[in-house]
Amino acid sequence: MKTNIHQLLTQTPLDTEVVVKGWVRNRRGSKQVAFLTLNDGSTPHTIQIVVNFDTIAEEILKGITTGACLKVVGKLIASQGQQAKEVVAQSIEVYGLADGETYPLQPRKHSLEFIRENAHLRARTATFGAVFRIRHSLAFAVHEYFNKEGFYYVNTPIITASDAEGAGQMFRVTTLDLQQPPQTEEGQLDFAEDFFGRSTNLTVSGQLEAELLALGLGKVYTFGPTFRAENSNTTRHLSEFWMIEPEMAFYNIQDNMDLAEDFVKYVIRYALQHNPEDLQFLEKRLLDEEKNKKQEERSPMPLVEKLNFVLDHSFERITYTEAINILLNSKPHKKKKFTYEVKWGIDLQSEHERYLVEKHFKKPVIIVDYPKAIKAFYMKSNDQEEVGKETVRAMDVLFPGIGEIIGGSQREENYEKLTERMTAMNISLEEMWWYLDTRRFGTAPHSGFGLGFERLVQFVTGMTNIRDVIPFPRTPKNADF
RNA sequence: UCCUCUUUAGCUCAGCUGGUUAGAGCACCUGACUGUUAAUCAGGGGGUCCUUGGUUCGAGCCCAAGAAGAGGAGCCA
């Protein structure tokens, strides 16, 4: 039976003959004995291999440095050193050496920027091992949650012709000859000649398609790649990221918020239960990293405590109007510390959101009922409101440290109101005929939201740069590996 | 896209007011050491000082342009 290092450390009884395969993290030694620490990705911990030179020819150890991959046959025994268990080698087979002169990773702390430049090898580091294991757990928990709640997993297209969503700049998909593109008589690019016979792009959201499926299947969710060609250079934006978009028939905005909170708590709890050692490792990493920071820039609580805090407290729910009033009465506003003016109708800026979440409530906050003027066409209008202060049933879930983690709304199901709004916003009714058909035939109240998966992974792992929570980050000017 | 900062050995960094042969720790190699834990000790090799142009007798250091990276902002998830 194949055993991994996690099993060796936690389950395998002592004095068992074992086979260990993994990559060397570190090597120490003296004349008689060498110590290798090995990791195989199954655990944040390493197992120590003891090599006595009277058993193993010293020649075999030549060239085995950090990064080498080995197969070790030996016996699992109680360690004389600080770790509980270790393996005394009986034989060693070298799968591959890693030339010390050129192998980039060393048994020392590297900067995250350096490791990012070597993203092809970073799965071998303790930090990224932990991050990617947690990422897996969260992804698995997403499916588990929705499955248990009666949702269907649906796949929406990655190549779309829709350009009505307005979620951001899009990547064009084309097979046209860019050297000599076909032109129409007016001198425009002739997309009739293109592969699909029309202009197509990578999806910026699966929401509109998910709505079609929800209005038939009831409760659905998507979990897939999403693309935005925005020139965003921040620690929380990617050009290619994974989005989770549940869409539910017969859910109003309250149901939508309840679901969002329950869902996020479920997946965080899952990671706490399934990756305690990885989280402990990352917690320690974060503490080390923040040692050099000023007190006020450090995280207010350790990682695991922060996650438990989120589970133990209900998210604060306030309306946009209430949020504006809190901000108007806040110290930074009165002392004119905000860069952006606070008044009803503005889109809340990062500094405002951060004040509400990190200073005022000190926990996750859900803001609802945003001004209609700053939100998308498909969001349901609230009734009977003061002229000039119309709102829509939109909600954002704000998390400390990363800001908006979820954006959602109840959708406008009324055909007349929807088309009126689309016309006002210059969105083509003809192109969106398929979307409007759901309102024309058997329309139903429904809601949904989108959650940026990487932002969730960021929050749970405490990683501050979103490029460090996806194996192959795509950002402006960077598509390496 | 805007603002700020950064770029010197494989990595992390130092390098004074512009001055002659550019340094340290770690990594790597060689050797020492009776079980190490960031092992330790001794020695060795290793440099396009981001690029281009300029100022100067002389530039790692000053000036200009550009590139890349980081942080923040905007856009958003």
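Below, chains carry the letters A, B, ... as their sequence lines are ordered, and counting in each starts from 1.
- Base engagement by A/Gln80 is indicated by at least one non-hydrogen atom pair under 4.0 Å involving a base atom.
- In this model, the phosphate group of B/rC76 is not approached by any side-chain N or O of A/Ser232 to a distance below 4.0 Å at OP1 or OP2.
- B/rU40 and B/rU20: their P atoms are spaced 34 Å apart (whole Å).
- Aromatic pair A/Tyr251/A/His446: ring centres not closer than 6.0 Å.
- Only one option out of A/Ile324, A/Thr339, A/Ile326, A/Val342 pairs with A/His352 in a side-chain contact (heavy atoms from CB on, under 4.5 Å); it is A/Val342.
- Using atom P as the reference point in both B/rA59 and B/rG18, the two lie 14 Å apart (nearest Å).
- Distances shown here put every side-chain N or O of A/Arg28 at or beyond 4.0 Å from the OP1 or OP2 atom of B/rU36.
- Computed from coordinates, the A/Ile466 CD1 to B/rC75 P distance equals 17 Å when rounded to whole Å.
- A/Phe449 comes within 4.0 angstrom of nothing in the nucleic acid, heavy atoms only.
- A sub-4.0 Å separation between OP1 or OP2 of B/rC29 and a side-chain N or O of A/Arg27 is absent.
- Here A/Lys31 reaches the OP1 or OP2 of B/rC33: one of its side-chain N or O atoms lies under 4.0 Å away.
- Distances shown here put a side-chain N or O of A/Arg467 below 4.0 Å from the OP1 or OP2 atom of B/rA70.
- A/Leu112 has its CG atom 14 Å from the C1' atom of B/rG71, to the nearest Å.
- Applying the 4.0 Å criterion to OP1 and OP2 of B/rG71, one finds that A/Asn465 has a side-chain N or O inside that range.
- Here A/Lys109 lies out of heavy-atom contact (under 4.0 Å) with every strand.
- Spacing between B/rG10 and B/rG46 at atom C1', rounded to whole Å, works out to 9 Å.
- Going from atom CG of A/Leu105 over to atom C1' of B/rA27 covers 12 Å, rounded to whole Å.
- Here the C1' atom of nucleotide B/rC13 and the CD atom of A/Gln106 are 14 Å apart, to the nearest Å.
- In this structure, A/Phe114 reaches the sugar-phosphate backbone alone: every heavy-atom distance under 4.0 Å involves primed, P, OP1 or OP2 atoms, never a base.
- A centroid separation of less than 6.0 Å is found between the aromatic rings of A/Phe315 and A/Phe399.
- Ring centroid separation for the pair A/His136 and A/Phe132 does not come in under the 6.0 Å cut-off.
- The gap from the C1' atom of B/rA42 to that of B/rU37 amounts to 22 Å, rounded to the nearest Å.
- Ring stacking is absent between A/Tyr103 and B/rG10, as the pair misses the limits of under 5.5 Å between centres and under 30 degrees between planes.
- Between the C1' atoms of B/rA64 and B/rU21, the separation comes to 31 Å (whole Å).
- Look at A/Thr235 and you'll find a side-chain N or O under 4.0 angstrom from OP1 or OP2 of B/rG72.
- When heavy atoms are screened at a 4.0 angstrom cut-off, A/Ile402 is found touching no nucleic acid atom at all.
- One interatomic measurement links the two molecules: NE2 of A/His110 to P of B/rA27, which rounds to 11 Å at whole-angstrom precision.
- Rounded to whole Å, the distance from NE2 on A/His352 to P on B/rC75 is 11 Å.
- With B/rG35, B/rA39, B/rA73 as the choices, the nucleotide that has an atom nearest any side-chain atom of A/Val33 turns out to be B/rG35.
- Taking atom C1' in both B/rA65 and B/rA22, one finds a spacing of 27 Å when rounded to whole Å.
- Taking the six-membered ring for Trp and the full ring otherwise, the centers of A/Tyr153 and A/Phe146 sit at least 6.0 Å from each other.
- At the heavy-atom level, A/Glu353 lies nowhere under 4.0 Å from the strands shown.
- In this structure, CZ of A/Arg116 is placed 12 Å from P of B/rU12, rounded to the nearest angstrom.
- Geometric assessment of A/Lys337 against the ring of A/Tyr355 yields a negative cation-pi assignment under the 6.0 Å and 45° thresholds.
- Under the 6.0 Å cut-off for aromatic ring centres, A/Tyr370 and A/Tyr320 qualify, their centroids lying closer than that.
- Among the protein residues, A/Ser79 comes within range of the nucleic acid bases, having at least one heavy atom under 4.0 Å from a base atom.
- Taking atom C1' in both B/rA27 and B/rA39, the straight-line distance is 15 Å, to the nearest Å.
- Comparing the same atom, C1', in B/rG47 and in B/rG23 gives a spacing of 11 Å after rounding to whole Å.
- The interatomic distance linking A/Glu101 (CD) with B/rG47 (P) rounds to 11 Å, in whole Å.
- Proximity of A/Ser30 to the phosphate of B/rG35: a side-chain N or O atom is located under 4.0 Å from OP1 or OP2.
- Residue A/Thr102 places no side-chain N or O under 4.0 Å from the OP1 or OP2 atom of B/rC28.
- Counting any heavy atom pair closer than 4.0 Å across all strands shown, A/Gln349 reaches sugar-phosphate atoms only and no base atom.
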